[in-house]
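First the structure, in the form of structure tokens, and then the observations on it.
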Amino acid sequence: MEIPKTYDPRQAEQEHYARWEAEGYFAPEINRDPAAPIFSIVIPPPNVTGSLHMGHALQHTLMDVMTRHKRMCGYRTLWLPGMDHAGISTQLMVNRELKKEGLSRHDLGREKFVERVWQWKHESGGQILNQMRREGASVDWSRERFTMDEGLSRAVREVFVRLYEEGLIYRGDRIVNWCPTDQTVLSDLEVDKTPQAGKLYYLQYPIKTADGTERRVTVATTRPETMLGDTGVAVNPKDERYRELVGATIELPLTNREIPLFADEYVDAEFGTGAVKVTPAHDPNDYEMGVRHNLQQVVVIDQHARMTEEAGADFFGLDRYKARELVVQKFEELGLLEKVSDYEFSISKCERCKTVIEPLISTQWFCRMTELRDRALELMRDKGEPRFTPEVPYTKVYTDWLENLRDWTISRQLWWGHQIPAWYDEQGNVYVARSEEEARTAAGTAELKQDPDVLDTWFSSQLWPFSTLGWPDETEDLKTFYPTSVLFTARDIIFLWVSRMVMAGLRFIGETPFHDVFITGTVLDKHGQRMSKTKLNGIDPLEVFDKYGVDATRLVLASVGSTDTRWNDNQVESYRNFANKIWNAARFCLMNSDGASVNPDAFKTENGTELPLHDRWILSRLNKTARDVDAALARYQFHEAVQTLYHFFWDDFCDWYIELTKADVTGEEVSPERDAARSRLVTVLEQALRLLHPFMPYITEELWQRLPGVDEQLLHSAYKGARPSIMLAAYPRAEAALIDERAEDKMAAVIDLISRVRNIRSELNVKPGDRVRVLVGAGEERAREVFSANRDQIARLARASEVSIGERLEAPRASARAVLGGGAEVAVPLEGLIDFAQERERLAREREKLQKEAAKLEAQLSNPQFAERAPAEKVSETRQRLSDIAQRTAALQQMAEALK
RNA sequence: AGGCACGUAUGUCAAUGGUAGACGGCUUCCCUUACAAGGAAGAGGUUGGGGGUUCGAAUCCCUCCGUGCCUACCA
């Protein structure tokens with residue numbers, strides 16, 4: 001069996017994925033068991049414009065670990081892939097392309113533009129899906145979906161119509177977040193608030209008085225240009241300073257309008273001058289006040305953020321910032337500019353293009369959320385679903401947000417997306433319908449124009465868990481895979497996406513879309529900064545794959561789980577080394593595998609003979625590992641699962657089991673004993689590979705295929721008939737009967753003895769090649785039996801020429817000594833190497849360590865309240881530990897004496 | 001401005017109120033025929049500071065310092 005000395009991930013990565021996909025292993029149909037339990041996940045659809053970043057790689061790894069694990073456990077598993085059409089991003093992307101050709105979307109017209117977007121999508125969209133293949137993601141490509149697919153679009157129209165018919169969707173004039181660059185409305189969630197250093201301008205407004213005396217009221221504002229649209233000034237009703245002015249009329253400068261001064265609770269008397277200029281058409285709060293006080297709405301800024309005709313001849317056509325300068329200048333000339341102060345405030349910007357948002361009044365479609373929201377809150381209250389991991393703080397984040405939910409602006413002034421299924425006749429009557437034909441029938445005319453707006457991208461993504469499964473048809477897939485088992489996603493879309501899916505799922509299917517929600521952590525750069533395109537500090541997962549291999553990267557990502565982690569190549573390197581370790585362990589097993597085969601019966605013995613200790617021990621460790629990994633995955637504790645597997649493989653299997661079996665398996669001569677030992681070795685390896693497979697799919701498959709005796713028999717019964725792959729092998733389940741604490745205790749004693757001798761050798765600089773004599777004194781017969789039974793192995797691993805075991809330690813004066821757990825003692829005679837004073841010091845140091853610990857324990861035990869209040873178990877455990885330490889201390893003392 | 005988290009070895013992270021660990025890095029020795037991407041041994045911590053609850057605190061409470069995140073309508 002020729003296999004290279006170092007693991008080269010490339011080859012395995014290239015070979016296996018294509019085969020898995022071609023064999024249909026990813027599709028749920030591979031499972032032939034009609035009674036198989038179901039496990040399903042839908043991918044958070046990445047933007048069609050996106051390319052893979054660490055956040056995706058993290059999510060995908062976790063999803064794949066879960067999916068592969070469940071698949072190996074015999075579940076009928078579906079991990080459904082797909083993409084989001086990503087309205088604004090995609091439109092912007094294609095706009096940019098057009099611009100290079102000197103065109104704008106308006107030159108093409110809507111139809112051609114949309115065609116162009118589709119063309120772009122087919123040619124260069126969805127790179128991310130191919131990148132997912134590299135990750136090893138076991139998604140069912142036969143069920144790939146796109147939010148603009150005909151089926152999903154039908155679901156969107158269906159939902160829109162139903163909600164409209166129930167009165168939950170309505171059209172209305174409202175003040176909205178308007179992006180002057182993208183020319184569309186944005187929801188509150190698509191707006192970034194960024195702190196900004198700005199100015200606060202104090203403007204004086206003259207008050208109209210009966211006798212013509214001059215009185216003024218000062219208002220503070222960050223946006224002087226909006227004063228042209230002021231239709232009132234508000235003060236707090238409790239504010240003494242202005243009490244008598246309430247009801248007064250103000251002569252608004254630069255216009256010939258007169259506006260009222262009124263009182264409203266909203267105004268904070270403490271801030272600024274306590275008087276607020278009110279511009280209902282250009283500020284959301286002012287809009288509300290305007291509604292309350294029946295104020296006029298004067299629109300002075302248009303959709304391009306330029307001043308309108310209403311702003312007056314001096315300002316008409318000016319950019320909003322130019323207008324600001326001019327207003328300030330004119331106030332100054334009129335002597336009405338009181339002062340200007342520096343002021344930091346937060347400003348709303350378009351999440352996509354970073355243009356400052358202009359609040360504008362416009363006609364939009366909205367969705368009332370209260371009713372939908374209440375059902376989601378109920379589900380959380382009654383059933384605790386969805387169950388968030390980590391529970392803190394996300395459960396609260398989710399419910400708090402739902403409680404404060406406002407109506408959702410669902411229309412967008414874009415061309416790329418689901419056009420709103422509403423049609424207007426010439427009189428302006430609206431017909432909401434599933435199709436134009438339906439609308440025509442309802443209207444009784446063919447002269448209809450469809451609403452030009454499209455729906456917010458999230459309107460379609462909220463339906464993802466069921467629209468992808470065929471809804472509104474009652475498909476087999478929908479029945480089988482809905483609700484999905486768990487959702488893996490990032491925390492920034494809990495509101496945008498997670499909550500809306502819950503609401504939509506409850507409303508349209510009557511059931512939660514997923515029972516569990518796992519919120520992934522954030523992968524940060526090494527300075528703790530969020531990775532971003534603009535900062536250019538992102539780490540490309542594909543480069544990491546190239547450098548260290550996919551499997552190693554996946555282990556790091558699985559360990560990240562839900563914590564925010566600074567990316568560190570060292571971690572990947574460490575797991576790359578682990579992959580190499582696995583490779584070489586397997587290499588050793590394969591080099592000694594003639595006459596062996598993977599065989600679950602390899603550990604069975606005839607007529608009740610007991611297996612050697614190390615075999616019973618590794619079985620116990622293996623089963624504990626299976627148990628712990630299973631428990632960790634059930635709690636989504638990926639980090640814990642990885643740690644458990646890492647230590648089992650490296651420490652237990654490589655460092656000890658292989659070493660312990662080495663003599664048995666490397667024999668030149670063919671013998672049944674040798675072959676049996678070899679079979680046990682490859683069988684343990686095979687089990688270990690299965691345990692690792694969900695985390696490290698490539699290397700495990702690569703090695704598994706090379707093991708002697710792997711065949712269909714090893715597959716989970718649900719996959720009988722499939723071509724053998726570790727993907728379909730049964731995930732090892734812990735058998736309680738094989739967990740053997742006594743074997744583990746005995747093995748621990750052997751390991752302890754070997755380690756003590758190695759320690760002595762190292763501290764006394766004994767050359768690795770030099771053999772030493774090992775003398776053991778053990779009072780307990782059981783201990784002596786264990787040591788005797790494993791004498792050869794102890795000799796080999798401690799590089800001893802001889803291991804003699806007696807009831808009492810009898811050693812020459814010139815020996816290095818150590819105390820073992822349980823009170824046994826070991827001595828290594830080292831004539832000529834021992835410096836007596838130094839040796840005494842070494843022993844003294846060790847005794848000191850023990851005494852420190854003993855002092856702690858004694859203090860604890862001498863406290864009467866400890867015995868009284870601590871659980872009895874804890875108390876006796878502490879006593880036990882103390883007496884053990886006492887025994888060892890005494891032994892050390894004696895040893896030191898012997899050296900005098 | 002409010003709310004919520006977090007602060008553990010030089011770095012990245014673990015630890016149901018019960019002996020603070022892992023990996024990387026570091027030191028010493030070893031290219032021992034699976035693996036130097038390895039082996040053996042070792043150093044390194046008053047768990048951000050201070051206070052409290054408790055028999056017992058990294059863990060629970062208070063406070064200060066520092067760092068993140070989220071939400072929000074102070075013009």
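Below, each value reflects all heavy atoms present in this structure, side chains not excepted, and no hydrogens, waters or symmetry copies. Keep in mind that what you see is a predicted model, and the values were worked out from it rather than measured. Chain letters run A, B, ... following the sequence lines, proteins first and then strands; every chain starts at 1.
Around the CD atom of A:Glu659, the shell of radius 6.0 Å holds more than 12 heavy atoms that belong to other residues, nucleotides or ligands. By the 6.0 Å contact criterion, CZ on A:Arg241 is enclosed, its count of non-hydrogen atoms from other residues, nucleotides or ligands being greater than 12. At most 12 heavy atoms of other shown residues, nucleotides or ligands fall within 6.0 angstrom of atom CD in A:Glu873.
Residue A:Lys662 places at least one side-chain N or O closer than 4.0 Å to OP1 or OP2 of B:rA34. Taking 4.0 angstrom as the limit, A:Asn759 places a side-chain polar atom (N or O) nearer than this to OP1 or OP2 of B:rG42. Under 4.0 angstrom from either OP1 or OP2 of B:rA37 there lies no side-chain N or O belonging to A:Lys5. Taking 4.0 angstrom as the limit, A:Arg756 places none of its side-chain polar atoms (N or O) nearer than this to OP1 or OP2 of B:rA41. Side-chain nitrogen and oxygen atoms of A:Tyr394 include none within less than 4.0 Å of the OP1 or OP2 phosphate oxygen of B:rA5. Listed pair A:Lys581 / B:rG39 meets the phosphate criterion, a side-chain N or O lying under 4.0 Å from OP1 or OP2. In this structure, A:Arg566 reaches the B:rU12 phosphate: one of its side-chain N or O atoms is under 4.0 Å from OP1 or OP2.
For the pair A:Leu524 CG and B:rC69 P, the interatomic distance rounds to 9 Å; values are reported in whole Å. Going from atom CD of A:Gln860 over to atom C1' of B:rU54 covers 13 Å, rounded to whole Å.
With both ends at atom P, the span from B:rU32 to B:rG44 equals 31 Å, rounded to whole Å. Remark: the separation of the P atoms in B:rG38 and B:rU46 is 30 Å, to the nearest Å. For the C1' atom pair drawn from B:rU16 and B:rG11, the interatomic distance equals 29 Å after rounding to whole Å. B:rU19 sits 34 Å from B:rC35 when the C1' atoms are compared, rounded to a whole Å. Distance check on atom P: B:rC73 versus B:rG49 gives 39 Å, rounded to whole Å. Nucleotides B:rA57 and B:rA20 have their C1' atoms positioned 12 Å apart, rounded to a whole Å. With P as the reference atom, B:rU53 and B:rA41 are 45 Å apart, rounded to whole Å. One P atom belongs to B:rU63, the other to B:rG2, and the distance between them is 14 Å to the nearest Å.
Closest approach of A:Val300 and A:His282 over heavy atoms only: N-NE2, 2.9 Å. The two residues A:Arg756 and A:Ala818 come nearest to each other via the heavy atoms CD-CB, 3.8 Å. For A:Pro280 against A:Ile361, the heavy-atom pair with the smallest separation is O-CD1, 3.9 Å. The minimum heavy-atom distance between A:Asn580 and A:Tyr7, with the atom names listed, is OD1-N, 3.1 Å.
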Q: Evaluate side-chain contact (heavy atoms from CB on, under 4.5 Å) for A:Val276 paired with A:Thr221, printing each intermediate quantity in order.
A: CA-CA 8 Å; A:Val276 187; A:Thr221 180; over 6 Å; no
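Under a 4.0 Å N-O distance rule, the pair A:Arg10/A:Asp8 does not qualify as a salt bridge.
Side-chain atoms of A:Glu763 lie closest to B:rG42 of the nucleotides B:rG42, B:rC69, B:rG18. Of the candidate nucleotides B:rA40, B:rU32, B:rG18, B:rG18 has the atom nearest to the side chain of A:Pro871. When distances are taken from the side chain of A:Val276 to each of B:rA75, B:rA43, B:rC73, the shortest belongs to B:rA75. Of the listed nucleotides (B:rC69, B:rC35, B:rG18), B:rC35 has the atom at the smallest distance from the side chain of A:Asn584.
A:Lys277 and A:Thr279 share a side-chain donor-acceptor pair at under 3.5 Å.
Contacts of A:Pro393 with the nucleic acid, taken as non-hydrogen atoms under 4.0 Å apart, involve only primed sugar atoms and P, OP1 or OP2. Counting non-hydrogen atoms under 4.0 angstrom, A:Glu853 reaches a base of the nucleic acid. Nucleic acid contact class of A:Val397 (heavy atoms, under 4.0 Å, all strands): none. Among the heavy atoms of the strands lying under 4.0 Å from A:Asp564 are primed sugar atoms or P, OP1, OP2 only; no base atom is included. Residue-level contact check: A:Arg587 touches the backbone only, with heavy atoms under 4.0 Å from sugar-phosphate atoms and none from bases. If you check every strand for non-hydrogen atoms under 4.0 Å, A:Tyr201 touches nothing.
A cation-pi arrangement is found for A:Lys662 relative to A:Phe588, the charged atom lying closer than 6.0 Å to the ring centre and inside a 45° cone about the ring normal.
In terms of position on RNA chain B, the residue among A:Thr6 and A:Thr565 whose nearest nucleotide sits closer to the 5' end is A:Thr565.
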Q: Determine, for nucleotides 23-30 of chain B in 5'-to-3' order, which nucleotides have protein heavy atoms under 4.0 Å from the base (write B), from only the sugar-phosphate (write S), or from neither (write -).
A: SS-----S
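For RNA chain B, each stem of at least three Watson-Crick or G-U pairs (distances under 3.5 Å) is given as range with range: B:1-7 with B:65-71, B:11-13 with B:21-23, B:26-30 with B:38-42, B:48-52 with B:60-64.
Centroid-to-centroid, the aromatic rings of A:Tyr646 and A:Tyr575 come within less than 6.0 Å.
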